[in-house]
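What follows is one structure encoded as structure tokens, with my remarks underneath.
Counting convention: from 1, in listed order, for ligands and their atoms alike.
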Amino acid sequence: MVTISPNNKINLLGLDKKALQDFFVSIGEKPYRAEQVLKWIHFNGVTDFNLMTNISKDLRQKLTDTAEITLPQILWEKAATDGTYKFLLRLYDGNCIETVFIPEKTRGTLCISSQVGCILNCDFCSTGKQGFNRNLTTAEIISQLWIAVRKLSKLNDIHDHAVTNVVMMGMGEPLLNFDNVVPALNLMLDDHAYGLSKRRVTVSTAGVVPMMYQLREQTDVALAVSLHAPNDELRNKIVPLNKKYPLKELMAVCREYFKDDNRRSITMEYVMLAGVNDTPEHAKQLIKILNGVRAKMNLIPFNPFPHTDYKRSDTETILRFRDILMKAGLNTTIRRTRGDDIDAACGQLVGQVKDRTRRNERYLRTNQQKVIGESR
Ligand code: SAH
């Protein structure tokens, strides 16, 4: 989606190469200008047309008159004790989103949001409890990377590596904002912009099956699926989207996804909820449903948030679960929890959502009643 600001200017930040070429043609210029401008904006971080020195003065004036490069405002930024870094970004309409940078020895991963809040309402995720306001524009999605690249390079004494990987695992469901997410992915991969390799950019989905087929057609990035349960009965409860796209359909698209490239596999995310989805029986069911799917399992210890009844499985249970999967030949890792002292861990991103669904209100009301009930 192209963003036009109130002053009728188009925000070039949100245009991928193709869209930028179309833009230049529409103002009577040659399409090759797109690569020059992409490089200025994303590679060099320049937002002032007057500093784009390989562009004629006349064209710079034309750009100033018709276009702009605008970014969200950084409202707040903070480092956790483990080096995880969180940005709270304020959008033009007052909504806020969160972006998290996770430094590791050999890489730096940026966790990007795709929506303000989330419509899906997974039971164990605090973003879901915040309700939903709207989709992010392409400019708002890519601006999270633009900002992180600039900001983190100034913190080099803290972080050995700037952003080497991007995961669409922040707030929102990326495949329900498909038309704005795909151009942002194109920018991440474009050598004139960020030049990330397709294996280092990951889209994570709770399983919007028809859009998974489309994603496969349109881009070649890595895929993660938030699985979390090995049967429909349980998954309907904790990932309500399952009622629309049950496991049979989800596993069918997963089998198809990387069938042309047997070196690639899907990362299956599985949050470990004590007594809910973490028994040996659940592990055995998982092995069964993943039959024929090229998958790696990633077990995520549950991160708690206020008013939730869920608890994290204990380490012993997680290790036992992992061992059962490994014995069956499923490559399984356990995600290390990062940034939880600044609420930057998985499922703890909340931003400041002007909730249009009033879900947050209902959630708090029910849970407060529960708390009052319990204290009597
Ligand atoms: N909607 C997409 C993108 C969000 S990704 C998706 O569902 O994949 C966020 C990841 O963190 C998902 O795997 C999600 O299930 C997981 N998560 C959510 N809440 C969590 C929590 N409280 N503790 C640990 N992981 C959580």
Side-chain angles (χ1 to χ4, degrees), residues 84 86 97-100 102 109-132 135-136 141 144 165-178 180-181 184-185 201-209 211-212 215 221-230 234-235 237-242 244-245 250 253-254 257 266-274 276-278 295-313 318 333-340 343-351 353 363:
T84 301
K86 181 157 93 169
I97 52 162
E98 297 190 346
T99 306
V100 175
I102 307 141
T109 304
L110 192 70
C111 182
I112 284 187
S113 296
S114 57
Q115 297 181 311
V116 183
C118 189
I119 203 90
L120 295 182
N121 201 15
C122 297
D123 210 26
F124 52 84
C125 179
S126 63
T127 302
K129 302 300 165 208
Q130 285 281 295
F132 175 76
N135 282 334
L136 294 183
I141 297 168
Q144 299 170 66
N165 294 53
V166 170
V167 292
M168 301 289 307
M169 293 186 187
M171 300 164 67
E173 168 52 50
L175 296 192
L176 290 180
N177 185 14
F178 191 83
N180 294 339
V181 164
L185 298 172
V201 174
T202 303
V203 169
S204 180
T205 179
V208 189
V209 170
M211 301 320 288
M212 290 169 74
L215 188 73
V221 298
L223 182 70
V225 170
S226 292
L227 192 55
H228 307 311
L234 180 57
R235 198 163 190 268
K237 251 178 76 189
I238 62 180
V239 182
L241 180 69
N242 194 69
K244 198 157 179 196
Y245 306 114
L250 181 58
V253 62
C254 289
Y257 206 85
I266 299 175
T267 303
M268 297 287 172
E269 299 164 274
Y270 196 95
V271 62
M272 297 298 290
L273 303 168
V276 176
N277 64 353
D278 63 350
K296 303 182 282 230
M297 287 298 301
N298 191 212
L299 306 180
I300 316 173
F302 171 67
N303 294 309
F305 53 89
H307 306 298
T308 179
D309 289 336
Y310 289 114
K311 297 206 166 46
R312 178 182 294 182
S313 310
I318 298 178
T333 50
I334 300 170
R335 188 178 292 175
R336 202 151 57 94
T337 293
R338 302 289 304 265
D340 48 350
D343 287 340
C346 305
Q348 292 184 325
L349 303 188
V350 291
V353 178
Y363 178 71

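Within the 4.0 Å heavy-atom cutoff, Gly170 counts among the residues contacting ligand 1.
Minimum heavy-atom separation, Gly207 to Met212: CA-SD, 4.0 Å. The two residues Phe132 and Gly117 have their closest heavy-atom pair at CD1-C, 4.1 Å.
Of the protein's heavy atoms, His228 NE2, 3.8 Å lies nearest to atom 14 (C) of ligand 1. In this structure, the protein non-hydrogen atom closest to atom 6 (C) of ligand 1 is Ser226 OG, 3.2 Å. For atom 20 (C) of ligand 1, the closest heavy atom belonging to the protein is Gly347 CA, 3.3 Å. Of the protein's non-hydrogen atoms, the one nearest atom 10 (C) of ligand 1 is Glu269 OE2, 3.9 Å. The protein heavy atom nearest to atom 9 (C) of ligand 1 is Met169 O, 3.5 Å. Atom 11 (O) of ligand 1 has as its closest protein heavy atom Cys346 CB, 3.6 Å.
Taking every non-hydrogen atom of Ile300 and a distance limit under 4.0 Å, the qualifying atoms of ligand 1 come out as 24 (C), 25 (N). Shown in contact with Ala206 at under 4.0 Å from a heavy atom are these atoms of ligand 1, numbered in order with element: 6 (C), 7 (O), 8 (O). When each atom of ligand 1 is checked for a heavy atom of Val271 under 4.0 Å away, the hits are 23 (N), 24 (C), 25 (N). The distance from ligand 1 to the heavy atoms of Gly172 drops below 4.0 Å at these ligand atoms: 1 (N), 2 (C), 3 (C), 4 (C). Near Cys125, with a cut-off below 4.0 Å to any heavy atom, the atoms of ligand 1 are 18 (C), 19 (N).
When each of Val181, Leu241, Val208 is checked for a side chain to side chain contact (heavy atoms under 4.5 Å, CB included) with Leu176, only Val208 meets the rule.
Side chains of Phe124 and Val276 form no contact here, defined as non-hydrogen atoms less than 4.5 Å apart. A heavy-atom distance below 4.5 Å is found between the side chains of Lys129 and Asn121.
Residue-level proximity to ligand 1 for Thr205 is carried by the backbone, the only part with a heavy atom below 4.0 angstrom. Using a 4.0 Å cut-off between heavy atoms, Glu173 contacts ligand 1 through both its backbone and its side chain. The parts of Asn303 lying near ligand 1 are both backbone and side chain, judged by heavy-atom distances below 4.0 Å. At a 4.0 Å heavy-atom cut-off, ligand 1 touches Phe124 through backbone and side chain alike.
Under the 30°/60° scheme for interplanar angles, the aromatic rings of His228 and Tyr270 are found to be tilted.
For ligand 1, the polar-atom distance check against Arg335 finds no nitrogen or oxygen pair separated by under 3.5 Å. Not a single N or O atom of Cys118, backbone or side chain, sits closer than 3.5 Å to an N or O atom of ligand 1.
In this structure a side-chain-to-backbone donor-acceptor pair under 3.5 Å is missing from Asn135 to Asn180.
Taking SG of Cys125 as the reference point, atom CG of Leu120 lies at 9.0 Å (rounded to 0.5 Å). Taking CG of Leu273 as the reference point, atom CG of Asp278 lies at 7.5 Å (rounded to 0.5 Å). The distance from the OG atom of Ser313 to the CD1 atom of Ile300 is 12.0 Å, given to the nearest 0.5 Å.
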Between Cys111 and Thr99, is a side-chain contact (heavy atoms from CB on, under 4.5 Å) present by the stated rule, with each step listed?
-> CA-CA 6 Å; Cys111 182; Thr99 306; over 6 Å; no

